[in-house]
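When reading the values below, keep in mind they use all heavy atoms of this one structure, side chains included, and skip hydrogens, waters and symmetry mates. As the structure lists them, so they are numbered: ligands from 1, and atoms in each ligand from 1.
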Amino acid sequence: MISTKMITAINEQINKELFSEYLYISIQAWFADQNLDGMANWMSAQAQEEHFHAMKFFNYLIERGARVKLKAIEGPAVDFKTPLKAFQESLDHEKFISKSIDELMDLAIKEKDHATKSFLQWFIDEQVEEESSVDRIVNMLKMVGDHGHGIMMIDRELAQRTFVPENEA
Ligand code: FEO
């Protein structure tokens, strides 16, 4: 039986994942406005991934016979100033999400909720990958600085990203 506390915390996490989607499409819009279509594409794929995360929590609650209760999504920032600042904002956000997932795991452990612990392990592993992929881009952008040619090369690389949801067993 999943506790009321756990249900409330997962509902809050659904809101955070949907906010992540909102933040990344806001950054996508900013990149599109800067004519950096590859970076806009990367953010679009990232936003789709966040939607997938939100729905994974959503479906888990339903599977456990619990009620999903959606809340208002906060408005994201709209101006990101430079590509580096935009990706830095994504990295800071991912660190915030990792902390939030860790807190969910702490709660599941405290409540001896083994099913939720097992479910959350996927997110713990996923956050390692999420932080590392954004960190890599932040480092590349730091390396190229204001050099237009370097930015264009990164933009070209990020144009290759597509979102493929993993097959769930
Ligand atoms: Fe759903 Fe990027 O964390």
Problem set entry | Shortest-distance N, O or S atom of His53 relative to atom 1 (Fe) of ligand 1 | ND1
Exercise. Does Glu94 bring an N, O or S atom to within less than 2.8 Å of atom 2 (Fe) of ligand 1?
Worked result: yes
Seminar exercise, completed: For Glu50, the N, O or S atom at the shortest distance from atom 2 (Fe) of ligand 1 is OE2
Problem set entry | Closest approach to atom 1 (Fe) of ligand 1 by Glu17, given as the N, O or S atom name | OE1
Seminar exercise, completed: salt bridge (charged side-chain N to carboxylate O under 4.0 Å, His left out) with Arg136: of Glu131, Glu129, Glu157, only one passes, and it is Glu157
For this session: Verify the distance criterion only: is there a donor paired with an acceptor across the side chains of Gln46 and Glu21 at less than 3.5 Å?
Result: no
For this session: Using only N, O or S atoms, tell me which atom of Glu130 is closest to atom 2 (Fe) of ligand 1.
Result: OE1
Exercise. Do Tyr60 and Thr116 get their side chains close enough for a donor-acceptor pair, meaning under 3.5 Å?
Worked result: yes
Exercise. Taking atom types as modelled, is there a side-chain donor on Lys117 or His114 under 3.5 Å from an acceptor on the other?
Worked result: yes
For this session: Report the C-alpha distance between His51 and Gln48 in whole Å, list the side-chain angles of each, state the deciding distance to 0.1 Å, and finish with yes or no for side chain to side chain donor-acceptor pair (under 3.5 Å).
Result: CA-CA 5 Å; His51 187 78; Gln48 289 170 57; over 6 Å; no
